[in-house]
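Note: hydrogens, waters and symmetry copies are ignored here, and every other heavy atom, side chains too, is used. Just so we're on the same page: letters track the sequence lines, and every chain starts at 1.
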Amino acid sequence: MRWSKTLIPTMREVPSDAEIPSHQLMLRAGLVRQLMAGAYTYLPLGWKSIRKVEAIVREEMNRAGAVELFMPALHPIDLYERTGRKAAFGNVLINFQVQRGDRKVHLALGPTHEEVITDLIARHLNSWRQLPLCLYQIQTKFRNEERPRFGVLRTSEFIMKDAYSFSASLEQLDAVYQQMYHAYCRIFSRCGLNYLAVEAESGPIGGDASHEFMVPANNGEDSVVRSTGGAYAANLERAETGRQPPPIQTSPHATALQQVATPNATSIEQVSRLLKCSPSQMLKTLIYLADSKPVAVLLRGDHVANEAKIRRALGAGTVELADEKTIRAVTGAPTGFAGPVGIQCPIIADHDVPAVVNAVTGANAADMHLTGVNVGRDYALATTSDLRMAVAGDPSPRGDGTLEVVHGIEVGHVFKLGTKYSVALNAEFLDEKEQRHPMIMGCYGIGVNRIVASLAETSFDENGLIWPLSIAPYEVVVIPLNVADPQVMSLAERFYAELQQAGVDVLLDDRDARPGFKFKDSDLIGFPLRLVIGGKGLQEGLAEVKWRTASEPEKVPIDAAVAAVLDRLTARRAEEARRVPE
RNA sequence: CGGGGUGUGGCUCAGCUUGGCUAGAGCGCUUGGUUCGGGACCAAGAGGUCGCAGGUUCAAAUCCUGUCACCCCGACCA
């Protein structure tokens with residue numbers, strides 16, 4: 001492509017609407033333009049990158065045995081009513097009615113395609129002999145984001161690769177899941193992303209049933225923990241801590257139990273300020289309803305409850321914070337003054353609770369707290385559990401060092417769905433014994449444009465973007481320093497043609513602009529390799545080859561220039577390929 | 001949906017508090033010339049109903065009311 005024949009609107013100044021690096025750089029480099037909040041146009045350069053990512057995704061999905069198809073973005077609303085997801089999605093589901101003759105048709109723009117594909121499979125597949133099957137598509141999804149943000153990272157319309165597997169057994173599901181997991185690792189590696197596969201909430205099937213692929217980035221919306229040894233990574237909701245149950249015994253330093261007045265001080269923060277103690281010296285007492293029965297959950301004052309852990313520890317189906325009435329019934333006080341001493345319901349406690357000596361807690365009386373509260377003497381615990389969100393510094397559950405918390409951008413998610421949709425939409429098969437079963441499903445998503453955005457978010461320097469060869473908008477830019485010089489230009493044209501013939505994705509900067517201007521643009525966009533022709537070099541019979549990240553160009557003889565470029569590309573491609581797991 | 005902020009040529013912004021004359025600057029764009037290895041210089045130009053609507057006033061970018069859009073923080077995110 002010739003620069004003069006395409007559209008690459010670069011900007012020197014930073015648009016005032018863009019705050020995070022990927023947004024600023026993608027705008028400045030001419031990759032995207034905003035149409036409205038949450039909807040972006042991919043300009044020719046941005047689209048080229050997207051297409052390259054798509055090609056990698058297709059190769060790897062096909063390699064893993066998935067088959068591509070293409071489903072509509074327009075869905076009939078009743079599919080979502082049948083699975084209960086019209087209500088579950090709520091406002092996120094973009095839906096509307098259109099007039100067709102004398103009737104109205106209620107449609108939705110697909111936020112994902114579980115319903116559509118399950119309905120399809122329900123109609124066309126019914127024998128165990130046809131399973132397992134894994135289908136995928138690359139398609140635009142629509143979700144009405146309450147608050148679109150972070151440029152192209154969180155939009156109401158986005159490109160997603162979504163795959164769905166249908167299996168006759170859990171073993172079959174496990175096998176497909178592993179194949180997809182592995183394909184994802186290859187995809188993200190090939191795209192040059194630094195990523196983390198983290199354990200995520202497992203949902204209906206339980207166990208090791210869900211992983212998110214996260215790109216660590218300061219502006220990532222999700223928090224994930226990872227162990228310093230690298231053996232453990234999980235999202236924050238899921239993350240276990242490697243803490244051991246402490247001994248439960250009254251400290252020899254226990255002081256007298258005292259009741260103190262704390263009028264209107266109901267929060268940890270208010271009480272700690274009033275009594276001049278740190279939150280970690282306090283015990284937080286949360287009253288939950290576990291399957292409708294009240295339970296007091298004790299945490300150290302500075303910790304945050306993890307409801308999934310609480311639910312699991314109690315073996316409960318549902319867990320929710322109790323209402324005011326329940327709280328009065330078990331504590332005898334309004335919300336904000338609950339404590340373990342004398343409370344009228346069962347108590348469970350986090351591992352860190354017994355270690356708080358002379359704790360400050362609610363007194364189970366209005367406007368009153370207790371100080372000098374100690375386990376064993378003032379309240380009893382049989383055991384402790386892991387009930388809170390992990391924090392930095394917790395021991396790794398794998399025993400390899402401690403946990404750290406990092407932000408991440410979710411670029412992929414693999415998930416064992418189970419039979420939720422196959423049951424709701426009658427996707428059943430007949431086994432060898434003529435028994436009818438719902439198919440066991442898995443779903444596997446990749447945010448295609450998030451791959452490009454997270455690369456931009458994490459790979460740049462003060463001059464602009466830095467791409468891997470694999471998904472750079474162009475691999476090579478050829479820059480003639482002076483387009484008015486026939487000798488320079490004819491050489492540039494020759495290189496351009498020869499590189500194209502060699503299969504290189506090359507852009508010829510044929511603009512009549514000053515060299516510095518072209519160099520700045522080239523660095524901003526971040527073409528991996530630059531070939532410069534003209535000036536003093538040309539008089540000496542030399543051209544210049546420079547990697548985007550190199551500080552100085554290499555001079556090569558004119559006649560060897562194309563070969564030099566090809567050699568470097570070959571070497572770099574091999575280097576990138578080496579980072580991809582087999 | 002709660003809180004905060006911003007809307008002035010394509011981009012970045014000044015002007016608004018304290019109403020007043022023809023609405024400015026830099027960058028970009030057009031034309032001509034000089035230049036030509038890291039976002040050149042000179043000259044001449046084009047381009048703005050100051051987000052929109054209403055109101056106050058002799059007079060509104062500026063004050064008031066409403067409205068729309070965008071950005072940020074939070075809530076939400078199969």
Side-chain angles (χ1 to χ4, degrees), chain A residues 7 9-20 23-24 27-28 30 33-40 79-80 83-93 108 110-116 118 141-151 153-156 158 160 162 164 200-201 203-204 210 212 219-223 235 237 409-410 413 415 417-418 420-421 424 441 443-445 447 450 462-464 479-485 488 509 511-525 530 532-540 542-544 546 551-553 555:
Chain A
L7 176 66
T10 58
M11 291 190 278
R12 178 150 58 169
E13 300 193 72
V14 179
S16 57
D17 280 351
E19 294 223 335
I20 65 171
H23 193 197
Q24 294 179 348
L27 286 168
R28 290 186 57 212
R33 282 296 181 271
Q34 185 180 71
L35 176 63
M36 60 178 191
Y40 284 79
L79 279 180
Y80 291 88
T83 57
R85 286 217 295 179
K86 182 169 186 287
F89 273 119
N91 199 31
V92 171
L93 185 69
T112 172
H113 282 70
E114 277 88 0
E115 279 83 355
V116 174
T118 308
K141 308 290 191 208
F142 299 88
R143 293 179 194 181
N144 180 40
E145 286 296 342
E146 295 287 327
R147 188 187 150 206
R149 65 186 114 173
F150 297 143
L153 273 175
R154 188 165 185 78
T155 52
S156 290
F158 54 95
M160 186 165 157
D162 47 325
Y164 306 90
E201 256 326 306
S210 173
E212 290 170 349
N219 289 304
E221 289 190 87
D222 300 294
S223 288
N235 73 17
E237 292 71 45
I409 300 165
E410 184 184 354
H413 196 166
F415 193 88
L417 270 181
K420 174 180 174 183
Y421 298 98
M441 294 175 57
C443 68
Y444 318 91
R450 271 197 179 176
E462 66 277 11
N463 294 315
I479 301 184
L481 286 182
N482 182 357
V483 299
D485 181 331
V488 170
D509 189 352
R511 294 175 301 172
D512 183 9
R514 299 162 62 83
F517 190 91
K518 292 185 176 188
F519 293 155
K520 286 289 186 189
D521 261 355
S522 156
D523 284 350
L524 175 60
I525 295 164
R530 190 177 86 184
V532 175
I533 302 115
K536 284 158 272 178
L538 181 59
Q539 287 160 24
E540 298 162 20
L542 300 171
E544 287 171 14
K546 179 182 169 304
S551 53
E552 293 300 323
K555 294 188 190 308

Practice problem: Return the set of residues passing side chain to side chain contact (heavy atoms under 4.5 Å, CB included) with Arg514(A) (not counting sequence neighbours), or none when no residue passes. | Solution: none
Quiz prompt | Test side chain to side chain contact (heavy atoms under 4.5 Å, CB included) applied to Lys546(A) - qualifying residues, sequence neighbours left out | solution = Arg530(A), Ala550(A), Pro553(A)
Quiz item: Under the salt bridge (charged side-chain N to carboxylate O under 4.0 Å, His left out) test, which residues partner Lys141(A), sequence neighbours left out?
Solution: Asp162(A)
Exercise. Could you pull out all residues at least two apart from Glu410(A) that satisfy salt bridge (charged side-chain N to carboxylate O under 4.0 Å, His left out)?
Key: none
Quiz item: So, does Arg450(A) use its side chain to make a donor-acceptor pair with the main chain of Leu153(A) at under 3.5 Å?
Solution: yes
Exercise. Compare side-chain N and O positions of Gln34(A) against OP1 and OP2 of C71(B) and report whether any pair is under 4.0 Å apart.
Key: yes
Practice problem: Using a cut-off of strictly less than 4.0 Å, decide whether Ser16(A) has a side-chain nitrogen or oxygen near OP1 or OP2 of C13(B). | Solution: yes
Quiz item: Once each nucleotide of nucleotides 27-41 of chain B is scored for protein heavy atoms under 4.0 Å, what B/S/- sequence comes out, 5' to 3'?
Solution: S-------BSBBBB-
Quiz item: Can you check whether His23(A) and Tyr40(A) have ring centres sitting under 6.0 Å from each other?
Solution: yes
Practice problem: Could you tell me the separation between the CZ atom of Arg33(A) and the P atom of C11(B), rounded to a whole number of Å? | Solution: 9 Å
Rounded distance in Å between the [atom1] positions of [N] and [M]:
N      : M      : atom1 : value
A46(B) : G3(B)  : C1'   : 44 Å
U8(B)  : A14(B) : P     : 11 Å
G28(B) : U12(B) : P     : 15 Å
C41(B) : C36(B) : C1'   : 12 Å
G37(B) : C21(B) : C1'   : 50 Å
A61(B) : G9(B)  : C1'   : 14 Å
A25(B) : C68(B) : C1'   : 29 Å
U6(B)  : C16(B) : C1'   : 14 Å

Exercise. Quick one: pull up CG in Asn235(A) and OG in Ser210(A) and give me the separation to the nearest 0.5 Å.
Key: 7.5 Å
Quiz prompt | From CG (Asn482(A)) to CD1 (Ile533(A)), nearest 0.5 Å | solution = 12.0 Å
Does [N] have a Watson-Crick or wobble partner in any strand here, with both distances under 3.5 angstrom, and which is it?
N      : result
G32(B) : C42(B)
C63(B) : G55(B)
C16(B) : none
G26(B) : C11(B)
G47(B) : none
A78(B) : none
A69(B) : U6(B)

Practice problem: For Phe150(A), answer base if it contacts any base atom (sugar-phosphate contacts may also be present), sugar-phosphate if it contacts only those atoms, and nothing otherwise; contact means non-hydrogen atoms under 4.0 Å. | Solution: sugar-phosphate
Self-check item: Nearest atoms (heavy-atom pairs only) where Gly220(A) meets Ile409(A)
Solution: CA-CG1, 3.8 Å
Quiz item: If you measure from the Lys or Arg side-chain nitrogens to the Asp or Glu carboxylate oxygens, is any gap between Glu114(A) and Arg85(A) under 4.0 Å?
Solution: yes
Identify the pairs formed between an N or O of the protein and an N or O of nucleotides 74-78 of chain B at a distance under 3.5 Å, and give each distance.
from   : atom 1 : to        : atom 2 : distance (Å)
G74(B) : N7     : Arg147(A) : NH1    : 3.2
A75(B) : N6     : Arg149(A) : NH2    : 3.1
C76(B) : N4     : Arg149(A) : NH2    : 3.0
C77(B) : O2     : Arg154(A) : NH1    : 2.8
C77(B) : O2     : Arg154(A) : NH2    : 2.2
A78(B) : O2'    : Arg85(A)  : NH1    : 3.4
A78(B) : N7     : Arg143(A) : NH1    : 2.5
A78(B) : N7     : Arg143(A) : NH2    : 3.2
A78(B) : N6     : Arg143(A) : NH1    : 2.6
A78(B) : N6     : Arg143(A) : NH2    : 2.5

